[in-house]
Each structure stands twice: as structure tokens, then as C-alpha cells.
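Reviewing the structure listed below.
Below, each value reflects all heavy atoms present in this structure, side chains not excepted, and no hydrogens, waters or symmetry copies.
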Amino acid sequence: VIIALLRFFVVGVYTVPSTSISMAPTLFPAAEGGDAIVLANLLARTPARGEIWIFRRGRQIYVKRVMGLPGERIEVRDGDLFLDGKRLVKERSFLDRVKVPLPGLDSIWPGYPRPDGAFERLDKGRVRDVVFSARIHAQSLPASVMVKINNHVVLIGPKGFASSNGVEIASGLRFGLMRNPVELWITNADGVFRVEIDGKEVARTQIRTLAGQAVVEVVTDGEVDVKDLLLARDLRYGPVENFTWTLAEDEIFVLGDNSANSADSRRSGPVKVDALLGRVWAVAWPPSRIRRVR
């Protein structure tokens, strides 16, 4: 009886069909074939931006991410989301949830870094807004590591700095006598160049949106280990462009993470708040994909 009560009033169990790709890669069905199963909190009532919700439209049940809240004016311009005329700048916790990993750099040069300590990644297509993260560790000093995303540069070393378009925006990003690796996180997403070291933001500046694809280069000098390197792209909304919608006080705007293959609010309009069934909080099946969803 307790399990039945939990099942129907507290935890919802929903199937994401193997044919559904609108929320890839976040809720992608099982790689080995078959459907995925997600769990939803049926007690949740107030949606927050960035959360994934189950909702009903007619007789169909859908799963999408909430991106527009009641009363807001939503616009999509050149792949970015604007709220009441201002570009949405996703903070790290949000960006980390929706970023899409790109193929590993080791697929370009196995066993990176190369002997000269440099490698470069040029992604096909219009990958403009990227997220770079790595753990770097100076085994001995002097040593330095430089990360360059187009004309934005971060140098950590004896005289570390961050610069954008040749203008210094942060200084003193230096290696010390470190016993532990340092986490470096850099992005040029949403028209803002940002740098974090060990979770602390050390540089931020507005930038002009790139017209072409992003080129990422990493160069090390001295005994420096680069581990857990990840290159990802920001979530961009297309192919529906120049879209504007003003939400009523009882409506939300939902979008799929796999924007190019998602029947969401850009095509079907907003969702009534009272059509929401529950907030997704975990993937329960298959076993290889069990994880919490935020």
C-alpha cells in the first residue's frame, strides 16, 4: 500500500521511448537499445528555469526543459535565448547541466599533449560557444599553461593573466608550490568570456558573439600534467530563429535540449502551468545510465 501511494502521489515513473531524441543527450534512451525510464517528483508545483518537467498536451505526455517563466517575453535570436530583451547568461551550474560534450581531443592526437605540449581543436560546423575544463598540475616550477579560445587567452604561470581581444582583464593567475591539481574552467558562452579557478570566478567580460567556429588551443611549458580535459559546446536553439512570445501569467515556455529535433514551445506554443505533472529528478533505467537529473 505504501509503495502504491508513493507511486501514484509522490514519485512518477515515465518512459522515454527509444525513438525520442528531443532531450538528447540529457535524457537519451538506452544506448544498448530499448526505452529509458525517468522518475519525477509529483509533489513539485512551482517550476524553476532550467528544470526538466513532465507535462500533458492533449492526450500526449511530453518531457522538456523549462526556459521561460510566467509573464516573461521570450525571444530566440541567432541561437541564444533572450528574456525580456536581455540575453540569458547561463551561470556555471546551469551551463554544466546543458552543455554538449564534443569528441575528445585524444581522438585528434592520441596520447595528448603532443611532445611539444600543444594541441588544437577545430570543430566542424558552427560551434561558437564552447566550455573548456581541465585539471592542471605543475610538477615543478617554473611552469605554465596557456588556453586560448580564439582571441581570448588565459595564462597560468609565473605571471599569469587573462585577456580578451588583447586587453588584460585579470592578473596574478600564478602557479604556486602546489601539491594538488588546479581546476580550470573557461567559457565564451552567451556573449560572456568567463574564467574560474577551483570554482572561483577570476575573470568575466562581455564579448562580441563569434561569427564563425571556435578554435581552442592549449600550450604547456615545463612539467605540467593536464588531466580530465573536457571540451563541450553550449546549448543553442535552432533551427527556428527570431522567435518571440509573451507568456501569460499561467504559462511557461519549454524547450528541448536537442533543439534541432524538438517539438517544443517554439512550434506548439507555451504550456499551461496546470498541465505540469512532475519534475524529473532521476534516470532509473537502463542501469548504465542511472543518475540524478538536475
> If you measure from CD1 on Ile74 to CG on Leu83, what distance do you get to the nearest 0.5 Å?
Replying inline: 5.0 Å
> Can Phe193 and Asn151 be said to form a side-chain contact (heavy atoms from CB on, under 4.5 Å), step by step?
Replying inline: CA-CA 11 Å; Phe193 179 59; Asn151 55 356; over 6 Å; no
>> Within this structure, what is the CZ-CD1 distance for the pair Phe132 and Ile186, rounded to the nearest 0.5 Å?
In response: 5.5 Å
> So if you build clusters from Ile, Leu, Val, Met, Phe, Trp, Tyr with side-chain heavy-atom gaps below 4.5 Å, do Trp53 and Val283 land together?
Replying inline: no
> Taking side chain as C-beta onward, heavy atoms only, is His137 less than 4.5 Å from Val182?
Replying inline: no
> Would you say the side chain of Leu184 lies within less than 4.5 Å of the side chain of Val147, judging by non-hydrogen atoms?
Replying inline: yes
>> Under 4.5 Å between side-chain heavy atoms, counting indirect links through other Ile/Leu/Val/Met/Phe/Trp/Tyr residues: same cluster for Val89 and Val76 or not?
In response: no
>> Counting C-beta onward and ignoring hydrogens, is there a side-chain heavy-atom pair between Val13 and Leu39 closer than 4.5 Å?
In response: yes
> Atom CD1 of Ile169 and atom OG of Ser163: how far apart are they, to the nearest 0.5 Å?
Replying inline: 7.0 Å
>> Using 0.5 Å steps for rounding, measure from the CE atom of Met67 to the CG atom of Asp257.
In response: 8.5 Å
> If every non-hydrogen atom of Val66 is compared with every non-hydrogen atom of Pro47, which pair is closest and at what distance?
Replying inline: CG2-CB, 4.2 Å
> Within a reach of under 6.0 Å around CZ of Arg291, are more than 12 heavy atoms found that belong to other residues, nucleotides or ligands?
Replying inline: yes
>> Which residue is it: Arg135, Lys200, Arg92? I am looking for the one with a salt bridge (Lys or Arg N to Asp or Glu O under 4.0 Å) to Glu183.
In response: Arg92
> Which pair of heavy atoms, one from Ala263 and one from Lys64, lies closest together, and at what distance?
Replying inline: O-CE, 3.5 Å
> Between Thr187 and Val130, is there a donor-acceptor pair closer than 3.5 Å when you use the side chain of the first and the backbone of the second?
Replying inline: yes
> Does the pair Val16 and Ile37 meet the rule for a side-chain contact (heavy atoms from CB on, under 4.5 Å), with working shown?
Replying inline: CA-CA 6 Å; Val16 180; Ile37 296 176; over 6 Å; no
>> Between Arg194 and Glu196, does any NZ, NE, NH1 or NH2 come within less than 4.0 Å of an OD or OE carboxylate oxygen?
In response: no
> Do Arg87 and Asp80 meet the salt-bridge criterion of a basic N to acidic O distance under 4.0 Å?
Replying inline: yes
> Has the side chain of Thr220 got a donor or acceptor atom that lies under 3.5 Å from a matching backbone atom of Val145?
Replying inline: no
>> Using side-chain heavy atoms (C-beta onward) and a distance below 4.5 Å, is Val273 in contact with Ile252?
In response: yes
> Under 3.5 Å, is there a donor-acceptor pair between the side chain of Arg56 and the main chain of Ile61?
Replying inline: no
> Is there a path of hydrophobic side-chain contacts, each under 4.5 Å between heavy atoms of I, L, V, M, F, W or Y residues, that connects Leu173 with Val216?
Replying inline: yes
>> Please find the pair of heavy atoms, one from Asp198 and one from Pro181, that lie closest to each other, and give the distance.
In response: OD1-O, 4.3 Å
> Between Arg266 and Phe243, is NZ or CZ placed under 6.0 angstrom from the six-membered ring centre and within 45° of the ring axis?
Replying inline: no
> Is Arg49 salt-bridged to Glu91, cutoff N-O under 4.0 Å?
Replying inline: no
>> Using every non-hydrogen atom in the two residues, find where Met23 and Leu255 come nearest and quote the distance to one decimal.
In response: SD-O, 4.2 Å
> Looking at side-chain heavy atoms only, is the closest gap between Phe55 and Val254 below 4.5 Å?
Replying inline: yes
> Hey, does Ser265 have a side-chain heavy atom less than 4.5 Å from the side chain of Trp245?
Replying inline: no
> Should Leu88 and Val98 be regarded as members of a common hydrophobic cluster, given that ILVMFWY residues are connected when their side-chain heavy atoms come within less than 4.5 Å of each other, either directly or indirectly?
Replying inline: yes
> Is it the case that one hydrophobic cluster holds both Leu235 and Phe82, taking links as side-chain heavy atoms less than 4.5 Å apart, direct or via other members?
Replying inline: no
> Do Lys272 and Glu251 come within less than 4.5 Å of each other through their side chains, counting heavy atoms only?
Replying inline: yes
> Arg236 and Ser259: which non-hydrogen atoms are nearest, and at how many Å?
Replying inline: O-CB, 3.4 Å
> Nearest 0.5 Å, what's the CG-CG distance between Leu247 and Leu69?
Replying inline: 8.0 Å
> Is there a donor-acceptor contact under 3.5 Å from the side chain of Asp84 to the main chain of Arg73?
Replying inline: yes
> Between the main-chain N or O of Gly256 and the side-chain N or O of Asp264, is there a donor-acceptor pair closer than 3.5 Å?
Replying inline: yes
>> I need the minimum non-hydrogen distance between Met146 and Leu155, along with the two atoms involved.
In response: CB-CD1, 3.9 Å
> To the nearest 0.5 Å, what is the distance between CG (Leu277) and CG (Asn41)?
Replying inline: 12.0 Å
